[in-house]
Amino acid sequence: MNDIRRSILWVVFGFSMVLIWDKWQIHNGKAPTFFPSSAVTAPAEQKAAPAADASVPAATSAGAPAAPGAAAAPDAGAPAPAAVRHEVTTDVFKLTFNSEGGSLIGATLLQHASKQLGSEPFQLLAQNDQHTYIAQTGLIGGSLPTHKTPMTLVPGPASLTDGQDTLAVKFESADVGGVKLVKTYTLKRGSYTIDVSHEVVNTGAAPVTPQLYVQLVRDGNKTDSETPFYSTFTGPAVYTSAQKYQKIEFAKITDNKATFEKSATDGYVAMVQHYFTSAWLLPDGTARENFARRIDNNLFSIGAISTLPAIAPGQSQKLDARLFVGPQLEKVLETTAPGLELVKDYGWLTIIAKPLYWLLEKIHGFVGNWGWAIVLLVVLLKAAFYWLNASAYRSMAKMKAINPRIMEMRERLKSNPQLMQQEMMKIYREEKVNPLGGCFPILIQIPVFIALYWVLLSSVEMRNAPWMGWITDLSTKDPFYVLPFVMTLTTIVQTALNPLPPDPLQAKMMWLMPLMFSVMFFFFPAGLVLYWITNNLLTIAQQAYINSKMGVPLKITNPITLFKS
């Protein structure tokens, strides 16, 4: 019984080492050793590149029988005109459109800095030599306008002026295969949601039943907000009311092992990365086929295909969609579409994490500083668990008080393990000590503090958020490693307040564990380290108070003496 609590701690420690090793493997582009489902973001081995027109999705069974190749130019004998880029600016966006297909190939978020406060705005969508992340739409069904078809920009304003709440950007294709496609992007003040209207005009002599596709295309490179000790998801995701939120790993797309809801009438398809996301949203009730494909060696797409009603000659049909491109602000995501807030992934602790985020946001609204909001939230949590913690610390204090008797008895009876166990149980009964009394109350609280960890790790509000002094960004590591050093000291003090195990080897490991865990915190975001330091300081204060109240002396073991023995 005496070593049960230590055994639980060893299990927690061992499991942590397993997780850290898997994250290290993922960070270095290798397959995880213990949890294969946590596949690497970009596949290490690539298959042969697909055909040149693979960027256009194939038609679904409900539509035309064949997918088109490259879009036909208006005059087959003339070369296609060179693509032209058009820039448009609102209060939150600087967008770049390409005349080839009228695609959105650049999105800079003007209210979010790229690195630290005062730096260049953050660019989410881009198409250059280093990075590809774009939004495309087009038609399938014979030689129809696709995202490769040259389109003409209808003249109009290129920026949202004062007093103007909306801005329209309109592209028109020429007649391709008897069909003309008109795309209209409507941008709104203060909004990261873009309304995208597709008008399909039948200019031919026979009815047509085209299919419209929307897709997000991205390379499989990792974001730069990760460390060897933690990794956030980067890749496609699908949401439907039937199957809820499903993440899709790039490696599984490459291996044709991706599983997700393909037929749906609601939901969205998205590309997710740390703090930011993009998503195509078709109207609820619109039947669609979701797809995820590998276009090229390290280029992937996620999208949806919807079949339009038959369009008679001279008639037109519209399909409106919405494109979200922006930060993972929980309130914004919730009001944009059902389930979109799930791209801010709290994992299996969502039910606990969401109330914690709500409380953190309320505190921030009061104090106006995310760093102090973290401190106050931890204080409130420790207050809520005060009596539960007090029970645990009283049990630990009793264990520490009888520890000399236990160690003397173990030394005296080390040649008789059975008698040693009997004497140990006798001491516990006499002193009314439960060896598990300090373990269960702490285990109950672990999910809450893990949930808070994920809240702080996934909240874009921490990005570029200053605390005080040298901490100018709670989402990045402490530049001078002051907080990790303080965290290490507080963890060592906390260890000193706990009863060490009688076994000398276990006692040494109880001192080594804080040092080993502290290595990770030197790479963790400052906000996470601040939360952990606050928790440690409050734990030390409460445990020292209880030890003093119970008459247990504050005797700190000298680690050097311990390791020399």
Side-chain angles (χ1 to χ4, degrees), residues 92-93 95 104 107 109 111-112 122 124-125 133-137 185-196 214-218 223 232-249 260-292 301-304 306 319-351 353-358 360-361 454-455 457-463:
V92 297
F93 279 135
L95 302 179
L104 180 59
L109 310 184
Q111 298 181 4
H112 291 265
F122 177 74
L124 182 57
L125 303 189
Y133 187 3
I134 56 180
Q136 301 171 330
T137 68
Y185 296 86
T186 302
L187 315 175
K188 292 166 285 187
R189 181 176 295 278
S191 177
Y192 291 102
T193 302
I194 305 169
D195 294 334
V196 187
V214 296
Q215 68 178 3
L216 298 161
V217 178
R218 191 188 194 283
T223 62
T232 55
F233 176 74
T234 299
V238 172
Y239 174 86
T240 66
S241 59
Q243 295 294 325
K244 302 303 179 185
Y245 184 66
Q246 298 172 287
K247 294 184 290 189
I248 308 169
E249 294 157 356
F260 56 93
E261 186 74 4
K262 294 183 171 60
S263 298
T265 57
D266 61 7
Y268 59 83
V269 292
M271 277 286 184
V272 182
Q273 67 183 61
H274 198 195
Y275 298 134
F276 301 96
T277 193
S278 62
W280 276 113
L281 304 106
L282 296 177
D284 283 350
T286 302
R288 80 288 304 264
E289 290 289 324
N290 299 322
F291 65 86
S301 73
I302 182 75
S306 180
L319 179 62
D320 295 327
R322 289 183 297 158
L323 174 62
F324 179 87
V325 182
Q328 294 173 5
L329 295 167
E330 199 157 316
K331 282 187 176 179
V332 173
L333 297 172
E334 287 175 347
T335 56
T336 300
L340 189 57
E341 73 278 3
L342 296 176
V343 299
K344 185 181 178 182
D345 189 13
Y346 296 133
W348 60 279
L349 290 171
T350 298
I351 192 171
K354 288 182 73 67
L356 288 176
Y357 171 80
W358 175 86
L360 179 66
E361 189 180 42
W454 283 107
V455 166
L457 182 62
S458 61
S459 293
V460 68
E461 291 88 344
M462 302 300 118
R463 193 173 183 273

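Nothing here was measured: the structure is a model prediction, and the numbers come from that model.
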Residues which pass side-chain hydrogen bond (donor to acceptor under 3.5 Å, both in side chains) with [X], listed by chain and number, not counting sequence neighbours:
X      : result
Ser241 : Asp266
Glu289 : Ser263
Gln273 : Arg218
Tyr133 : Ser278

Please enumerate all residues that pass salt bridge (charged side-chain N to carboxylate O under 4.0 Å, His left out) together with [X], with sequence neighbours excluded.
X      : value
Glu261 : none
Asp284 : none
Lys244 : none

*Do you know the tightest heavy-atom contact between Tyr268 and Tyr245?*
OH-CD1, 3.6 Å
Return the set of residues passing side chain to side chain contact (heavy atoms under 4.5 Å, CB included) with [X] (not counting sequence neighbours), or none when no residue passes.
X      : result
Pro355 : none
Thr335 : none
Val92  : Thr90, Gln111, Tyr192
Ala292 : Ile248, Ile253, Phe260, Ile302

*Under the salt bridge (Lys or Arg N to Asp or Glu O under 4.0 Å) rule, what pairs show up with a residue in residues 337-349, not counting sequence neighbours?*
Lys247-Asp345, Glu330-Lys344
